[in-house]
Every structure is written in C-alpha cells, then in structure tokens.
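The first residue of the sequence shown is numbered 1, and numbering continues consecutively from there.
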Amino acid sequence: MTAILQQEIPYNPLIQRPLPGIQPASMETWLHQDDAFAEQMQRRESLLSERRSEVLALDPQAMAPAQELLDMVLAQVYPTASNVVVRPDGVQVAIDRTQPLDTLCRLVQEDFCILQKMEDEHVLTGAILCFPASWRLSEKFMRPLLDIHIPVASYDANVARRVQRLFDGIQTGRPLWRFNALWYEDAELHQPRSANEPREIRDRGRAQYMRSERQTLLRLPETRAVVFSIHTYVLPEHVMSEMENPA
C-alpha cells in the first residue's frame, strides 16, 4: 500500500514535554486539515467499509454524545451543510444522525473517542478509531482511563489521578491539546496491536518515519461527555531533519 505522508506539521513534535503535556487550545484550532486530507479520507472510507467492527464501537448511552459531537463538527467545518456535505476533495457525504460515528469518520481526518463519567472515572463508551498507534479499540472499549493506559509505563497511578482531575476540570468551549512523537519503520496509518504484544520501541536512528498524534480534549456542553480527538501525522525522517536544521 502506498504510504500516506504529510510534508509539514504545524508544531514541532520533537520538543519534549512532561506528561501529560497539556496546553490550552481554542475552538478555531480544535480540528485540523492538512496536505494528506484526500488520501487519509480515502483510507478512512476503506477501513470503515472493510473493518467496521474493528474501528468503530458505540455503547447505547454514548449515542447522544456522538450526535452532539457530529453537530459540533458540522458547525465547525461544514457550517452551511444540510443533508449532504461536499468535502474539500469533492466527495459527497450524506449526514446520517442515526449513525453519527460513521458520518464523522467520513467528514474529517480526526479519530474521536467519547468518554463519560461513571462513578469516579471517565470510561470509553464510543469511538471511531481508524488510525490506532499500536492499540486495539476492542481492548479499551468500556474501560476507565487507568485501564486504557496500562501499557504506558510512565502512566502510573499518580499520573492517572492528575489526568482524572484534568478531565473533571475541562470546560466547554475551552479545548486542551497535547502531542506525542513516535518513531516507526512502517508508515501504515492503521496499526492496531494488542496490549499483550507491544510494539518494539524504535529510536530515530532505526526508523524512517515520525508519527505524531495531535490530541485534543473537549467537553460537550449538553451531554457533558469528554471527546478525545486524534489527528495523525506521519512524516519522513528527512522532513524532521529539515525542520531541525532549516536551510
């Protein structure tokens, strides 16, 4: 399969920040569109068609948040849309509010995870996840935050408490964002992997691609669910070198 790559990224993923690395964002910068839009959207369409059960999960209690999220994305990106959206690549997408995550998958490059507060923790109750970076939706669905992050060595109980407080404090209209930086030998966007079979971590000298996720946290005003969005960038190593050493 042809590699789907960006040639630029709107932040420097090589700048290290301590966990959880959260920064304030704005509604205007909540969602991104980049130079790989058409290719990523085609890949999303094929994954949804061929592997729907692997990339989409929605508990009935998350239907209302998913519909609210769909309305927010439409208002943000396609404000004049009615029943049909015409994407920047010319593809027409029918708006189906009975299948909000399917529709969201076809509208923007971001993957979305819906987390709802149950007792003391937020639980993953819905997601459209076409581009997982070495995790499986089936293993995280209906699990709380700490269980979701168990394979991450630096995500200990102390960090978990801080993240839960962070989730509790998210305000509507004031999204937060962070990024990661992962070196991969393979540019494939869809890389599910079981927590029982973790990926061997690669350093820069042994990998051809930088994979960086721009992750945002947003509270939905009506249902009060938290939405975790993931915009995936995959760039050749030479692009990162040029970013560090501009001519």
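No donor-acceptor contact under 3.5 angstrom links the side chains of Gln208 and Glu237, judged on distance only. Donor-acceptor pairing under 3.5 Å is recorded for the side chains of Gln215 and Arg178. There is no side-chain donor-acceptor pair under 3.5 Å between Asp35 and Gln7. Side-chain contact check for Gln191 and Ser134: no donor-acceptor pair (N or O, by modelled atom type) lies under 3.5 Å. Neither side chain, Ser46 nor Gln42, offers a donor N or O lying under 3.5 Å from an acceptor on the other. Inspection of the Ser138 and Glu54 side chains reveals no N or O donor paired with an N or O acceptor under 3.5 Å. Side chains of Ser26 and Thr29: a donor-acceptor N/O pair is present below 3.5 angstrom, by distance only.
For residues 225-235, there are no salt bridge (Lys or Arg N to Asp or Glu O under 4.0 Å) pairs, not counting sequence neighbours.
The salt bridge (charged side-chain N to carboxylate O under 4.0 Å, His left out) with Asp111 is formed by just one residue from the set Arg43, Arg44, Arg214; it is Arg44.
Rounding to the nearest 0.5 Å gives a distance of 6.0 Å between NE2 of His122 and CG of Asp168. Rounded to the nearest 0.5 Å, atoms CD (Glu213) and CD (Glu110) are 11.5 Å apart. Residue His238 holds its NE2 atom at 13.5 Å from CE of Met210, rounded to the nearest 0.5 Å.
Applying the side chain to side chain donor-acceptor pair (under 3.5 Å) criterion to Glu119, with sequence neighbours excluded, gives no partner residue. Under the ring pair (Phe, Tyr, Trp, His ring centres under 6.0 Å) criterion, Tyr209 pairs with no residue at all, not counting sequence neighbours.
Taking 4.0 Å as the cut-off between side-chain N and carboxylate O, Glu45 and Arg87 count as a salt-bridged pair.
Side-chain heavy atoms closer than 4.5 Å link hydrophobic residues (I, L, V, M, F, W, Y) into clusters, and following such links, even through other members, never connects Val86 to Val73. Met27 is connected to Leu70 through a chain of hydrophobic side-chain contacts under 4.5 Å among Ile, Leu, Val, Met, Phe, Trp and Tyr, so both are in one cluster.
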Could you walk me through whether Phe112 and Phe228 pass ring-ring contact (aromatic ring centres under 6.0 Å, His included), step by step? CA-CA 6 Å; Phe112 295 103; Phe228 178 69; over 10 Å; no
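Between Cys113 and Trp135, the shortest heavy-atom distance links the atoms SG-CH2, 4.2 Å.
Between the Thr103 side chain and the Asp96 main chain, a donor and an acceptor come within less than 3.5 Å of each other.
In this structure the side chain of Ile15 never reaches within 4.5 angstrom of the side chain of Pro13, judged on heavy atoms. Side-chain contact between Gln67 and Gln99 is absent, with no heavy atoms from C-beta onward closer than 4.5 Å.
Using the six-membered ring where Trp is involved, His32 and His231 have ring planes that are perpendicular, over 60° apart on the 30 and 60° scheme.
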